[in-house]
Amino acid sequence: MANEIPTKGILKTEALKHYILETSAYPREHELLKELRKTTVQKYGNLSEMEVPVDEGLLLSMLLKIAKAKNTLELGVFTGYSLLSTALALPEDGRITAIDIDKEAYEVGLEFIKKAGVDHKINFIHSDGIKALDQLVKDNKEFDFAFADADKSNYVNFHERLLKLVKVGGIIAFDNTLWFGFVAEGEEGVPEHMREYRKALIEFNKKLAVDTRVEVSQISIGDGVTLCRRLV
């Protein structure tokens, strides 16, 4: 099918991916996250690949707890799998500023967020990412943790703004930085509709590698998550 999104994951075999999910991810997946995941597949079909995979959601949850994060930012929400994962991980007085241009998709997940009793933790901003970030910078907001999973062509621009918003010592996580493994393949073998983001992410990864303002770790979970700890 034209413009179909590949299955997330860059593991050597589907069998290994299945093993990880069945053995350590699905058994620990919150029941409402499971329901949200299934609802997203039913409503969006192949586009449901845009949500974070279960093992990545568990990683984000653990990182938030290790960091003792209380004030977080999420850029790119879709139906809210990572948003609900975050809300469940934060303490009762934790808060999330969530930004997405697609309010309809967010409202699909809102039903499950309310069922979980964590909707009071979320401030949803229906906006373009750059515009919303610029306003947050203007308002002198500060966050412990940020998760970016939006327009990959703007990751460089998001990064500059997030460095002004996330506190020194805080974490910025960028999703999809290995782009279904396509960053390591020649362009001719990449589906045409995936090429723009592939090119943008290759350049973004190069910039992060030499950015002395952050400590960087690129993790091969899902289709790549890059963690940046702000140093200055």
Which residues share a salt bridge (Lys or Arg N to Asp or Glu O under 4.0 Å) with [X], sequence neighbours left out:
X: R213; result: E160, D211
X: D144; result: K167
X: K70; result: D93
X: K152; result: D149

* Asked: Any ring pair (Phe, Tyr, Trp, His ring centres under 6.0 Å) pairs touching residues 32-85, not counting sequence neighbours?
  ->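 Non-adjacent pairs meeting ring pair (Phe, Tyr, Trp, His ring centres under 6.0 Å): Y44-F78.
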Going hydrophobic residue to hydrophobic residue with side-chain gaps under 4.5 angstrom, can you get from [X] over to [Y]?
X: I113; Y: V108; result: no
X: I172; Y: V137; result: yes
X: L136; Y: I96; result: no
X: L60; Y: F143; result: no
X: V216; Y: F204; result: yes

* To do: Could you name each residue pair satisfying salt bridge (charged side-chain N to carboxylate O under 4.0 Å, His left out) that touches residues 119-135, not counting sequence neighbours?
  =>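 Salt bridge (charged side-chain N to carboxylate O under 4.0 Å, His left out) check on residues 119-135 returns D134-R161.
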Side chains of [X] and [Y]: closer than 4.5 Å at any heavy-atom pair?
X: V52; Y: V225; value: no
X: W179; Y: I202; value: no
X: L133; Y: L75; value: yes
X: S85; Y: L33; value: yes
X: K207; Y: H159; value: no
X: V232; Y: T212; value: no
X: L90; Y: F145; value: no
X: L11; Y: Y19; value: no

For [X] and [Y], work out which heavy atoms get closest and say how close.
X: Y155; Y: A150; answer: CE1-O, 3.7 Å
X: A173; Y: L227; answer: CB-CD2, 3.7 Å
X: D100; Y: D102; answer: OD1-N, 2.7 Å
X: I122; Y: A98; answer: CG2-CB, 4.3 Å
X: P53; Y: G222; answer: CG-CA, 3.8 Å
X: S24; Y: P27; answer: C-CD, 4.0 Å

* To do: Scan for side-chain hydrogen bond (donor to acceptor under 3.5 Å, both in side chains) pairs involving residues 220-232, sequence neighbours excluded, and state none if there are none.
  =>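 The answer is N176-D223, T177-T226, E215-R229, Q218-T226.
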[atom1] ([X]) with more than 12 external heavy atoms under 6.0 Å:
X: E196; atom1: CD; answer: no
X: E22; atom1: CD; answer: yes
X: K34; atom1: NZ; answer: yes
X: R195; atom1: CZ; answer: yes

Supply the atom-to-atom distance [X] [atom1] to [Y] [atom2], rounded to the nearest 0.5 angstrom.
X: I171; Y: L63; atom1: CD1; atom2: CG; result: 7.0 Å
X: E51; Y: T79; atom1: CD; atom2: OG1; result: 5.0 Å
X: I99; Y: F124; atom1: CD1; atom2: CZ; result: 9.5 Å
X: L32; Y: L84; atom1: CG; atom2: CG; result: 6.5 Å
X: R37; Y: E29; atom1: CZ; atom2: CD; result: 4.0 Å
X: R28; Y: T23; atom1: CZ; atom2: OG1; result: 12.0 Å

* **Residues which pass side-chain hydrogen bond (donor to acceptor under 3.5 Å, both in side chains) with H18, listed by chain and number, not counting sequence neighbours** => none
* Structure fact -> Those residues at least two apart in sequence (or on a different chain) that pass side-chain hydrogen bond (donor to acceptor under 3.5 Å, both in side chains) with E74 are S82
* **Partners passing side chain to side chain contact (heavy atoms under 4.5 Å, CB included) against I5 (at least two apart in sequence or in another chain)** =>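 Counting only residues at least two positions away or on another chain, I5 forms a side chain to side chain contact (heavy atoms under 4.5 Å, CB included) with N46, L47, E49, M50, F180.
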* Asked: Excluding sequence neighbours, so at least two apart, what forms ring-ring contact (aromatic ring centres under 6.0 Å, His included) with H30?
  ->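 Listed in chain order: nothing, the list is empty.
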* **Pairing residues for F147 by the ring-ring contact (aromatic ring centres under 6.0 Å, His included) criterion, not counting sequence neighbours** =>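 Applying ring-ring contact (aromatic ring centres under 6.0 Å, His included) to F147 gives none.
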* If you measure from the Lys or Arg side-chain nitrogens to the Asp or Glu carboxylate oxygens, is any gap between E203 and K199 under 4.0 Å? -> no
* To do: May I have the step-by-step check of ring-ring contact (aromatic ring centres under 6.0 Å, His included) for F174 and F158, ending in yes or no?
  => CA-CA 10 Å; F174 289 96; F158 293 158; 7.9 Å; no
* Would you say the side chains of T86 and T72 form a donor-acceptor pair under 3.5 Å? ->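 Note: T86 and T72 side chains miss the donor-acceptor criterion.
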